[in-house]
Amino acid sequence: MVDLVIRGGTVVDGSGGAPYAADVAIEAGRIAAIGRVPERGREEIAADGKLVTPGFVDIHTHYDGQAVWDSHLAPSAWHGVTTAVMGNCGVGFAPCREADREKLIELMEGVEDIPGPILHEGLDWRWETFPEYLDALDAKPRDIDICALLPHGAVRVHVMGERGLALENANQADIAAMRALTAEAIRAGAFGVSTSRTISHKTLKGDPTPTLRAQEEELRGLAQGLREGGGGLLEIVSDWNTPDPATEFGMIRRVSEATGQPVLFSLTARHDRTEAWKELLALSDHAAADGLSIRPVFPPRPIGILLGLNGSQNPFSGCASYKAIAHLPAAARAEAMRDPALRARILSEDRVSGSNFPLITRLSFERMFPFGDPPDYAPPREASIAAIAGREGRSAEEVAYDLLTAHDGADFIFAPLTNFADYTLSASAECLRHPNAIAGLSDGGAHVGFISDGSFPTFLLAYWARDAKEQVFALPEIVRRLTSDTARAAGLSDRGLLRPGLRADVNVFDLAALGLDAPRMVADLPAGGRRLLQRARGYAATIVAGTVTYRDGEATGALPGRLVRGRR
């Protein structure tokens with residue numbers, strides 16, 4: 001007998017090759033055989049009519065805090081993810097002296113929308129150095145594997161203190177210290193280093209991320225540290241406007257050329273600069289043609305905010321009369337807001353000047369939509385709140401207000417921020433046509449109050465391999481983008497394919513039944529914190545290292561996942 005047999009499924013092996021009917025045998029956490037398997041399994045999964053694929057590798061998540069206190073890394077684990085790379089965007093919790101803990105919490109709170117009380121309650125701070133942080137992660141079993149990046153923000157604060165927070169240029173001693181910390185982290189098992197150069201990344205106080213203006217010499221020092229430690233990736237987020245995309249990309253290219261280290265960068269189709277993403281996509285393709293690995297990571301659907309009374313933001317959060325009732329539960333708040341007098345007051349007040357939400361000025365009712373169940377991530381222009389208001393002869397504010405207060409305040413408004421400039425998903429489709437581009441940016445574990453994109457893997461399959469209005473892509477290619485492509489980009493050669501001898505991370509699902517529930521607010525974080533969570537339908541089983549962790553979307557209680565140390 002073998003440990004587990006997945007019997008009678010259609011194998012889509014992650015290589016991009018054609019599907020084929022086969023059994024899959026698993027023994028001792030590895031794929032033992034694929035084909036006709038006569039041996040019985042101590043456990044068997046009937047996969048007739050279902051697809052059998054490698055487990056998904058999510059290359060852009062933020063479980064840096066949750067992985068300390070939680071063994072179940074929802075939502076990613078619900079969506080077929082068996083390995084997650086965390087520590088992106090230059091934010092994280094190590095290295096960190098005791099005196100700097102509050103600074104790193106404030107940064108994570110502002111950049112990734114994980115409230116400070118949750119982090120204060122959930123982090124036990126059994127570490128100061130990054131290797132000690134990895135040891136703390138290594139001690140906890142989980143339902144998926146995790147890989148960690150070293151956050152440049154934490155490194156800069158650790159080395160430069162207040163000078164780093166004040167965005168001063170690093171001197172030669174600073175750069176040497178950061179280089180040494182990077183090499184130390186890589187030798188201990190980090191997969192690379194992450195940094196941020198976007199003005200959107202701020203603390204709640206409005207202070208910019210400490211890495212915003214890091215000079216080329218400092219970034220090269222980090223990459224040299226990667227090389228000296230044994231190699232790793234440089235992950236970067238940028239506005240690409242200093243002074244233009246080509247100039248910023250040229251700096252990153254020089255860093256990669258000088259050190260030989262691969263680069264991943266976030267690529268979104270901004271609504272205010274509709275051509276910049278195309279230029280960056282072309283520049284990355286040119287780099288690939290020259291033998292450089294500088295790859296964009298793009299979202300498979302709009303990155304959008306969910307605005308609602310159950311979320312951390314809504315269009316009226318900045319109004320003085322709303323703030324007076326903001327402490328009430330959502331249902332009580334909705335009832336109070338239906339009072340005609342309060343409704344008139346809130347609708348008459350300035351929504352923007354009193355808001356603490358840095359993105360409020362980027363939101364328009366022309367790109368806000370009622371968010372249904374099941375959710376629609378590609379709504380037509382005529383479904384916008386502005387269009388509804390025009391048809392009904394009301395103001396857009398009135399339409400939004402009444403949507404929020406219906407159904408005891410449980411509904412959300414969807415406000416796409418990127419990848420929806422022409423009211424289609426054509427930007428994501430174009431990126432999918434480029435083999436050098438990587439599907440990702442789920443931000444799993446982050447933005448708990450107003451974004452719910454941990455469901456990207458399920459959406460990528462259900463929409464782009466089945467439902468897309470723009471172009472339906474071949475199923476084997478979509479599976480490849482979720483598995484071997486992301487695994488290789490991260491530096492993982494022991495997973496991402498169904499091959500004998502490789503790690504037995506596997507998904508079994510029914511593509512026809514695959515779908516997403518509407519996000520719901522759940523209070524399951526430390527200190528009673530709440531977060532948006534979104535379930536999936538259609539997954540029959542998820543297997544990590546040969547052990548079934550989820551059956552029909554429900555956790556089995558098995559925790560075979562571990563910290564993965566170092567690229568392999």
Side-chain angles (χ1 to χ4, degrees), residues 61-77 84-159 161 164-165 181 185 188-191 193-194 196 201-205 207 209-211 312 443-449 454 522-533 559 561-563 565:
T61 74
H62 293 278
Y63 288 110
D64 311 69
Q66 188 178 336
V68 173
W69 67 71
D70 198 347
S71 289
H72 296 273
L73 294 191
S76 292
V85 180
M86 65 186 202
N88 292 273
C89 299
V91 291
F93 303 112
C96 183
R97 299 183 180 88
E98 184 174 355
D100 293 329
R101 292 173 183 174
E102 182 65 30
K103 298 181 181 72
L104 297 191
I105 284 177
E106 288 179 351
L107 188 60
M108 182 68 78
E109 182 178 30
V111 173
E112 302 299 341
D113 184 41
I114 305 174
I118 293 171
L119 297 172
H120 280 292
E121 177 76 18
L123 297 174
D124 56 22
W125 297 106
R126 288 175 288 156
W127 62 86
E128 178 174 316
T129 69
F130 196 80
E132 289 169 345
Y133 174 65
L134 293 182
D135 289 342
L137 294 174
D138 211 0
K140 193 174 192 69
R142 295 174 192 84
D143 54 5
I144 69 173
D145 273 8
I146 56 172
C147 312
L149 300 175
L150 174 71
H152 185 195
V155 171
R156 205 168 204 266
V157 171
H158 190 77
V159 171
L165 292 166
L181 286 172
F191 274 66
V193 63
S194 68
S196 170
H201 285 171
K202 299 177 180 178
T203 69
L204 288 186
K205 297 176 182 177
D207 298 325
T209 184
T211 62
S312 61
D443 272 354
H447 303 296
V448 298
V522 177
D524 68 345
L525 293 175
R530 304 187 311 154
R531 59 175 171 163
L532 284 167
L533 288 176
L559 301 173
R562 295 293 187 272
L563 171 74
R565 288 187 186 261

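Scanning both residues, Lys140 and Ser71, for their nearest heavy atoms gives CE-OG, 3.5 Å. Contact record, Pro75 with Gly445: CD-N, 4.4 Å, taken as the closest heavy-atom pair. Scanning both residues, Pro117 and Ala527, for their nearest heavy atoms gives O-CB, 3.7 Å. Considering all non-hydrogen atoms of both residues, Ala94 and Leu150 come closest at O-CD1, 3.9 Å. Taking each heavy atom of Leu563 and Leu134 in turn, the nearest pair found is CD2-O, 3.4 Å. Nearest heavy-atom pair across Ala154 and Gly92 is CB-O, 4.2 Å.
Residues satisfying the side chain to side chain contact (heavy atoms under 4.5 Å, CB included) test with Thr211, not counting sequence neighbours, are His152, Arg156, Thr195, Ser196, Thr209. Asp207 meets the salt bridge (Lys or Arg N to Asp or Glu O under 4.0 Å) test with no other residue; sequence neighbours excluded.
With hydrogens and angles disregarded, no donor-acceptor distance shorter than 3.5 Å links the side chain of Glu106 to the backbone of Thr203. The main-chain N or O of Asp443 is never found under 3.5 Å from a side-chain atom of Thr61 such that the two would form a donor-acceptor pair. The backbone N or O of Arg562 lies less than 3.5 Å from a partner atom in the side chain of Asp145, making a donor-acceptor pair. For the pair Arg142 (side chain) and Leu73 (backbone), a donor-acceptor distance under 3.5 Å is absent. Although no hydrogens or angles enter the test, the distance criterion places a donor-acceptor pair under 3.5 Å between the side chain of Gln66 and the main chain of Ala74. A donor-acceptor distance shorter than 3.5 angstrom exists from the side chain of Tyr63 to the backbone of Ser76, with no hydrogens or angles considered.
Using modelled atom types, one finds a donor on one side chain and an acceptor on the other under 3.5 Å when comparing His120 with Glu102.
Between the CG atom of Asp135 and the CH2 atom of Trp127 there is a distance of 11.5 Å, given to the nearest 0.5 Å. To the nearest 0.5 Å, the span separating CG on Asp70 from CG on Asp524 amounts to 7.5 Å. Atom CD of Glu109 sits about 4.0 Å away from atom CG of Leu204, to the nearest 0.5 Å. The OG atom of Ser312 sits 8.0 Å away from the CG atom of Leu532 when rounded to the nearest 0.5 Å. The CG atom of Leu104 lies 4.0 Å from the SG atom of Cys96; values are rounded to the nearest 0.5 Å.
For the pair Arg530/Val448, no side-chain contact is recorded, criterion being any heavy-atom separation below 4.5 Å from C-beta on. Using a 4.5 Å heavy-atom threshold, the side chains of Ile118 and Trp69 count as touching. Within the 4.5 Å cutoff, side-chain heavy atoms of Pro95 are placed close to those of Val155.
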Legend entry - Audit row: Glu112, Leu107, side-chain contact (heavy atoms from CB on, under 4.5 Å) steps and yes/no: CA-CA 8 Å; Glu112 302 299 341; Leu107 188 60; over 6 Å; no
Inset, instruction - May I have the step-by-step check of side-chain contact (heavy atoms from CB on, under 4.5 Å) for Arg126 and Glu132, ending in yes or no? - result: CA-CA 8 Å; Arg126 288 175 288 156; Glu132 289 169 345; over 6 Å; no
Legend entry - Working for side-chain contact (heavy atoms from CB on, under 4.5 Å), residues Val68 and Phe93: CA-CA 11 Å; Val68 173; Phe93 303 112; over 6 Å; no
Inset, instruction - For Leu137 and Met86, run side-chain contact (heavy atoms from CB on, under 4.5 Å): C-alpha distance rounded to whole Å, both residues' side-chain angles, the deciding distance at 0.1 Å, then the answer. - result: CA-CA 12 Å; Leu137 294 174; Met86 65 186 202; 3.4 Å; yes
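Note on Asp113 versus Arg531: no salt bridge recorded, every NZ/NE/NH1/NH2 to OD/OE distance being 4.0 Å or above.
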